[in-house]
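Labels below follow one simple rule: chain letters A, B, ... track the order of the sequence lines, proteins then strands, and each chain is numbered from 1.
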Protein chains: 2
Amino acid sequence: MELDDRKVKILKAIIKNYLETGEPVGSRTISKYADLKLSSATIRNEMADLEEMGYIVQPHTSAGRIPTDKGYRFYVDDMMLQKENDLVNREQLVADREKELKSMRDFLSQKVDRVEELLQSVAKALAKDTNYATMVSAPQVRGNKLKFVQLSQLETNEILAVIVMEGNVIRNKVITVSEELSQENLLKLNILLNTSLTGLSLQEMNLSIVSKMEIQAGEHMQLVKEVVDAVVETISSEDNLKIYTSGATNIFKYPELSDSSKASELIYALEEKQSLTDFVKLEEDEEQPNSGIQVYIGNEAPVESMKDCSVVTATYELQDGMRGTIGIIGPKRMDYDKVVEKLKTIQTQLDDVFKKT
Amino acid sequence: MELDDRKVKILKAIIKNYLETGEPVGSRTISKYADLKLSSATIRNEMADLEEMGYIVQPHTSAGRIPTDKGYRFYVDDMMLQKENDLVNREQLVADREKELKSMRDFLSQKVDRVEELLQSVAKALAKDTNYATMVSAPQVRGNKLKFVQLSQLETNEILAVIVMEGNVIRNKVITVSEELSQENLLKLNILLNTSLTGLSLQEMNLSIVSKMEIQAGEHMQLVKEVVDAVVETISSEDNLKIYTSGATNIFKYPELSDSSKASELIYALEEKQSLTDFVKLEEDEEQPNSGIQVYIGNEAPVESMKDCSVVTATYELQDGMRGTIGIIGPKRMDYDKVVEKLKTIQTQLDDVFKKT
DNA sequence: TGTTAGCACTCCAATTTGACGAGTGCTAAC
DNA sequence: GTTAGCACTCGTCAAATTGGAGTGCTAACA
């Protein structure tokens, strides 16, 4: 059977209606749509076809139809294609977005110096704006270059290492050392570290460079080892992958998600954050097809507990290919159109903020 | 009417039973208790009295009784008194706790150098252990003394200030300055800042000291102003009050809290965190009566959305009166005894970890 | 051949009903 | 002061009832 023009129209009408109401939609409802003058009986026949083709199902025999994941997928793909091609639309959107951009910019520029807070506010604002749950991952440091290291003495056997990466990503690390260290030697060590490591990415801090440093350090070999280890560990540390979430309780606004066991699992995933890293990883591998926007419907998501949700993600770029991910988690019947637009706005905005920094 | 010995026994039996089952408890259930040989009819009479006195209520006419907030309050106060006085019990507990302390110590000592992670793990472990929701506030920096400041150049017009407080509380701040700065001047500024401000608490960085510094800075007066402002702002910044939460989804384990609107409000409070600061503030004012452990039952809590919960909080000390708060949020019928013990354990443990650092 | 009106049928959701049981309050007797 | 007994209340559960929304199918029509 073929998905002819009329079937497409009906399918879209069904999904659109379902997105709005959340109720199964019957043939009579669709037959009232102005632009296709068909009786409910005809619609019913078409619906039967669409069901056979797997785009819609009935929750039970005498109920209206609701979209399947395949149906949603068709709808979303079509929408994305529309956005890609429709140039007139695009210009309109740019104009529309300009307003948001402005207010957003004012809002963001106030807190540029604290990336953590910035991303948390983005998550929060987006959640409030969309009424869905949100996640924002901090940009991945991997592959980024070291700007400088600064060692200072805290106590006789404690050293504070301040590590600054390109893009002003800053990490602090307290290192407990086994031997005491004079001011003079600390200075030397500082110089040694900076001349040897500055401008290198994690990958480039390989064995030969490190062993060379250790030789230069002479009697403080052991200490250098400890510090370099700490630096490497700090930069590469898996849990650098911070994820900020917000609006978890928004899911209670959607009855199909608020039953206690589903809600519990979902909120757990958002609180625990571990599983959310899967989305970030997926984004990293991705070849950026739709300006970096991805839609996961139901089981397409890499997270088990989100099988009843849809997730829309976007990537933003810091610089040098450092990327972060923004995600919106909502019911399958989320307002994809609006969500995609919001994400595009934030994306542009974040790119902007970070490039300026 | 007076709360005589027998009434107390019956009341305690009712509450204890209700804590275990979560079901309204009837007169027959209590009459089976071995240590008070009374028929259900007698119990019924006593129950009627207890109800009149406001310790228990019936959810509906022909149901068993459940404790009121007043009832819980009596139960908890009695328990705390017991713990205070019962020395034998206490020794037993110390022995019991020793085991936990050991495993806990191993666990904590691994991540001492990252306070943030440490506190987050405490929240997590405690939530897993108790099956309630938990919160842990970072120790308040207010009143703490500055150890040193370190300025480094990031870009021509950007300076990184690393601010270290007593207790190795570290803050980073990127300051955008209006004038360019030579290496030499940066060094001078560093010295000026440290000689003037080191060892001072926020309260002591008053106007006279700052203006004195500004004079010394000569032509860089404007810059000093900016830096000092940044330092002060960073130290005093209200949002230094970080709160870590965990186990929010544990509330779904208790039917009386899992109805969607209650759960939503509760989880929102835990996610938003703003309202949780009220507990921290209350603790600060508190004169530490029961080794710093407080129990809030229902409306006693300063947070509206927790009117159906109980909250148990404890304070831990870092040093110099820097205090943080640990809280456990659960249903009114939580296992107060266990929770108080757990909190005491963690309290000791954290005191320990921080004092050692 | 495609479209439509009509009708019997299905099934859910909401409401009603009745039986059951847990628990109470009261009274009278011990 | 305590207890046994009894009538009464009320919530819970399951079964029965009803109404309505929506379907599939058939026959007639253009």
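Look at B:D129 and B:K342 and you find a salt bridge, because one of the NZ, NE, NH1 or NH2 atoms lies within 4.0 Å of a carboxylate O, short of that distance.
For the pair A:I66 CD1 and D:dT23 C1', the computed distance is 16 Å after rounding to whole Å. Following rounding to the nearest Å, A:I10 (CD1) and C:dG2 (C1') show an atom-to-atom distance of 13 Å. Protein atom CZ of A:R44 is 16 Å distant from nucleotide atom P of D:dA27, rounded to whole Å. One interatomic measurement links the two molecules: CD of B:Q58 to C1' of C:dG23, which rounds to 8 Å at whole-angstrom precision. Look at CD on A:E46: it is 10 Å from C1' on C:dG2, rounded to the nearest Å. In this entry the distance linking OH of B:Y18 with P of C:dG23 reads 14 Å, nearest Å. A:I43 has its CD1 atom 10 Å from the P atom of C:dT3, to the nearest Å. One atom, CE of A:M47, and another, P of D:dA21, lie 16 Å apart when rounded to the nearest Å.
OP1 or OP2 of C:dG21 has not a single side-chain nitrogen or oxygen of B:S62 nearer than 4.0 Å. Side-chain nitrogen and oxygen atoms of A:S40 include none within less than 4.0 Å of the OP1 or OP2 phosphate oxygen of C:dT4. Taking side-chain N and O atoms only, B:R28 has no distance below 4.0 Å to OP1 or OP2 of C:dT24. Residue B:R6 has a polar side-chain atom (N or O) positioned under 4.0 Å from OP1 or OP2 of D:dT2. Residue A:T61 places at least one side-chain N or O under 4.0 Å from the OP1 or OP2 atom of C:dC11. Residue B:T42 places at least one side-chain N or O under 4.0 Å from the OP1 or OP2 atom of D:dT3. In this structure, A:R65 reaches the D:dT23 phosphate: one of its side-chain N or O atoms is under 4.0 Å from OP1 or OP2.
Taking the centre of each ring, A:F252 and B:Y268 stay at or above the 6.0 Å mark.
B:A41 comes within 4.0 angstrom of a nucleotide base, judged by non-hydrogen atoms across all strands.
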Exercise. Please step through side chain to side chain contact (heavy atoms under 4.5 Å, CB included) for the pair B:E84 and B:M80, ending with a clear verdict.
Key: CA-CA 6 Å; B:E84 207 70 27; B:M80 296 299 257; 5.9 Å; no

query: Can you list the steps and then say if B:Y55 with B:L3 is a side chain to side chain contact (heavy atoms under 4.5 Å, CB included)?
result: CA-CA 10 Å; B:Y55 290 105; B:L3 199 61; 3.6 Å; yes

Run the salt bridge (Lys or Arg N to Asp or Glu O under 4.0 Å) check on A:D77 and A:R73 step by step: do they pass? CA-CA 6 Å; A:D77 285 348; A:R73 172 50 59 200; 3.0 Å; yes

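Judged by Watson-Crick or G-U wobble contacts below 3.5 Å, the nucleotide C:dT27 has D:dA4 as its partner.
Comparing D:dT3, C:dA5, D:dC6 by their nearest atom to the side chain of B:S39 picks out D:dT3. Closest approach to the A:A48 side chain among D:dG24, C:dT4, C:dT24 is made by D:dG24 (side chain taken as heavy atoms from C-beta onward). Of the candidates D:dG11, C:dC26, D:dT23, D:dG11 carries the atom nearest the B:H60 side chain, counting heavy atoms from C-beta on.
None of B:T29, B:L38, B:L50 except one satisfies the side-chain contact (heavy atoms from CB on, under 4.5 Å) rule with B:I43; the exception is B:L38.
Nearest-nucleotide positions on DNA chain D for A:N45 and B:K37 put B:K37 closer to the 5' end.
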